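Sharing a structure here in C-alpha cells format.
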Amino acid sequence: MNLFALVFAFIYSPITRIKTWLIHLLLDILATGPMPKHVAFVMDGNRRYARSLGKQGKEGHSHGFKNLLRVLELCLRLRIDCVTVYAFAIENFNRPKEEVDTIMDLAEERLVEIAQRGELLDKHGVRLNVLGRRELLPQSVQAAVEKAEKMTRHNNAVILNICAPYASQDEITTAVESVIHEAIDAGDLDGSTITEDSIDSHLSTSLAGSPPLDIFVRTSGVRRLSGFLTWQCCEHTQIHMVNTYWPEFGLFDLVPILLEYQRKVWAEERSKSI
C-alpha cells in the first residue's frame with residue numbers, strides 16, 4: 001500500500017464511522033415516534049438500473065438482492081415488526097429463460113447464505129417466510145427455502161416475508177377456496193360463516209402472522225400495485241410510488257415516507273382528542 005492510500009484510509013475511516021454514527025442517531029430519533037408495524041416493498045427497477053449503468057439487465061437483480069439486506073437493516077433499526085417484499089411474480093416465469101435462471105440462481109445463493117450465516121436475522125429475532133406458489137420453483141431453490149425457513153423458525157420478534165412466486169389473485173383465490181372447504185366440512189351449506197374476516201385470516205400473510213399493512217412502497221416510478229397485496233392494501237394503508245430504482249433505494253427515500261406516516265398518526269390522534 002502506497003503513502004497516498006495510507007493517508008486516504010486514515011482520513012476516510014473516521015469519516016465513515018462518524019457517518020454511520022449519525023445515521024444510527026437519525027434512525028434512533030425517528031424510532032421514538034410512531035412506527036408502522038408492517039411495511040411492504042415492490043422491489044422494481046433492477047433491470048433499468050443495470051441498463052442505466054451500461055450493464056446487462058439481469059445484473060440488476062444481483063444489486064437488488066444486496067439492497068434488500070441494506071433496507072432490511074434500516075427497518076430492523078427502526079423496530080418495524082414486519083417487512084414484506086415482492087421478489088418474483090408468477091407471471092415473471094414468462095420472461096426470457098436466461099433471466100429467470102439468473103434470478104433463481106441468485107435466490108438459491110442468497111437463501112443458502114441466510115441458512116449458513118444468519119447472524120443478522122438471529123440478532124434481531126427475524127423469522128423468514130417465503131410466500132407464494134413455491135412448488136413452481138426449481139427443486140434446488142425449494143430446498144434452500146425450506147432450509148432457510150427452518151433456520152429462522154425459532155425467531156419471533158420480526159417477520160420477513162419474501163413473496164416468490166406470488167400473485168394477489170392466486171393468494172385470494174386460495175384463501176377463498178380454503179374458507180369454502182372449511183365451511184362445507186363444518187356443515188355450513190349456506191355460506192353464513194364465510195366473511196371478509198374469515199377470508200382475510202386465510203391469506204398467506206395472515207397465516208404467516210403478519211399484522212395489517214401500514215405502508216406500501218413501489219420503486220422505479222411505476223404507479224400500479226401489479227398484483228401485490230391487493231387485498232391487504234386497505235383505506236388505512238399509505239401507498240407510496242417513488243421514482244428511485246430499487247438498488248438505489250435507501251435511507252433518504254425511506255425517511256420521508258416514515259415522517260409522512262408519523263404526521264398522519266399524530267393528526268388522527270389530535271382529531272380524536274378534540
Side-chain angles (χ1 to χ4, degrees), residues 19-20 22-31 33 35-50 59-89 103 106-107 109-111 113-114 117-131 148 152 155 157-164 166 205 208 210-211 213-222 225-226 228-229 232 237-262:
K19 179 181 177 182
T20 300
L22 288 173
I23 289 173
H24 287 173
L25 178 63
L26 171 63
L27 295 175
D28 290 342
I29 292 172
L30 192 60
M35 277 288 111
K37 293 184 179 300
H38 186 180
V39 178
F41 297 97
V42 179
M43 304 185 294
D44 196 22
N46 293 328
R47 291 181 296 173
R48 280 169 285 162
Y49 170 77
E59 294 183 49
H61 296 299
S62 179
H63 292 287
F65 271 107
K66 291 176 182 176
N67 195 48
L68 170 58
L69 292 178
R70 290 193 289 267
V71 173
L72 178 60
E73 284 194 67
L74 292 176
C75 292
L76 293 174
R77 186 87 189 186
L78 289 163
R79 298 189 281 280
I80 294 171
D81 295 336
C82 180
V83 176
T84 300
V85 297
Y86 200 6
F88 194 80
I103 295 172
L106 275 170
E109 179 184 322
R110 297 302 180 220
L111 288 165
E113 182 180 328
I114 288 172
R117 301 188 298 108
E119 299 92 347
L120 175 65
L121 301 187
D122 279 340
K123 177 183 176 182
H124 294 277
V126 180
R127 184 174 74 250
L128 171 69
N129 304 306
V130 177
L131 310 181
T152 64
N155 295 331
V158 179
I159 296 170
L160 170 61
N161 297 319
I162 299 178
C163 297
Y166 172 93
T205 50
S210 308
L213 182 61
D214 295 308
I215 295 177
F216 178 105
V217 180
R218 178 168 188 156
T219 57
S220 86
V222 176
L225 301 184
S226 294
F228 181 50
L229 303 183
Q232 292 86 341
T237 305
Q238 273 188 220
I239 297 178
H240 295 268
M241 306 293 181
V242 300
N243 293 326
T244 309
Y245 293 140
W246 172 252
E248 297 178 303
F249 183 89
L251 175 67
F252 295 106
D253 300 289
L254 185 59
V255 166
I257 292 171
L258 296 176
L259 288 175
E260 173 62 19
Y261 175 82
Q262 292 183 338

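Keep in mind that this is a model prediction, so the values were computed, not measured.
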Kindly write out the residues that satisfy salt bridge (charged side-chain N to carboxylate O under 4.0 Å, His left out) with Arg48, not counting sequence neighbours, or none if the list is empty. Asp44

Can we call the ring centroids of His240 and Phe216 under 6.0 Å apart? no

Restricting to non-hydrogen atoms, name the atom on Val158 and the atom on Ile80 that form the minimum distance, rounded to 0.1 Å. CG1-O, 3.7 Å

Closest approach of Ser226 to Arg218 (non-hydrogen atoms, all atoms of both residues): OG-NH1, 2.5 Å

Between Val71 and Val83, is a side-chain contact (heavy atoms from CB on, under 4.5 Å) present by the stated rule, with each step listed? CA-CA 10 Å; Val71 173; Val83 176; over 6 Å; no

Measure the shortest side-chain to side-chain distance between Val42 and Thr219 over non-hydrogen atoms and say whether it is less than 4.5 angstrom. no

Distance-only, no hydrogens or angles: does the His38 side chain make a donor-acceptor pair with backbone N or O of Pro211 under 3.5 Å? yes

Would you check if Leu78 and Leu258 make a side-chain contact, meaning some heavy-atom pair closer than 4.5 Å? yes

Rounded to the nearest 0.5 Å, what separates atom NE2 in His61 from atom CE in Met43? 10.5 Å

Which heavy atom of Gly60 sits nearest to which heavy atom of Pro247, and what is that distance? O-CG, 4.1 Å

Distance check, rounded to the nearest 0.5 Å: Lys66 atom NZ versus Leu106 atom CG? 9.0 Å

The reported gap from CD1 in Ile159 to CG in Asn161 (rounded to nearest 0.5 angstrom) is 6.0 Å

Using only atom types and a distance under 3.5 Å, with no angle test, would you say the side chain of Asp214 pairs donor to acceptor with the backbone of Lys37? yes

Taken in chain and number order and not counting sequence neighbours, the residues that satisfy salt bridge (charged side-chain N to carboxylate O under 4.0 Å, His left out) with Glu260 are Arg263

Short side-chain to backbone donor-acceptor contact, Thr84 and Ala40, under 3.5 Å: no

Please, which pairs that meet side chain to side chain donor-acceptor pair (under 3.5 Å) have at least one residue in residues 72-83, sequence neighbours excluded? Asp28-Arg77

Note, Trp246 side chain near Asn67 side chain (heavy atom, < 4.5 Å): yes

Would you give the length of the straight line joining atom CZ of Arg70 to atom SG of Cys75, rounded to the nearest 0.5 angstrom? 13.5 Å

Below 4.5 Å, heavy atoms only, C-beta onward: do Val222 and Met241 meet side chain to side chain? no

Going by heavy atoms in the side chains, are Leu128 and Leu111 under 4.5 Å from each other? yes

Side-chain heavy atoms of Asp122 within contact of Asn155, under 4.5 Å: yes

Taken to the nearest 0.5 Å, the spacing of Leu229 CG from Thr237 OG1 works out to 9.0 Å

Are side-chain N/O atoms of Thr205 and Gln232 paired as donor and acceptor at under 3.5 Å? yes

Are the aromatic rings of Phe41 and Phe249 close, with centres under 6.0 Å apart? yes

Going by heavy atoms in the side chains, are Leu251 and Leu74 under 4.5 Å from each other? yes

To check you understand the geometry: which heavy-atom pair defines the closest contact between Asn129 and Ala208, and what is its length? ND2-CB, 3.5 Å

Check against side-chain contact (heavy atoms from CB on, under 4.5 Å), Phe228 and Cys163: CA-CA 9 Å; Phe228 181 50; Cys163 297; 3.8 Å; yes

Working to the nearest 0.5 angstrom, can you tell me the gap between Leu30 CG and Leu254 CG? 8.0 Å

For residues Tyr166 and Phe88, establish whether the separation of their ring centroids is below 6.0 Å. no

Is the shortest heavy-atom distance from the side chain of Leu76 to the side chain of Val126 under 4.5 Å? yes

Identify the two heavy atoms, one from Pro36 and one from Val39, that lie closest to each other, and give their separation to 0.1 Å. CG-CG2, 3.7 Å

Please give me the minimum heavy-atom distance between Arg110 and Ser62, naming the atom from each residue. NH2-OG, 4.0 Å

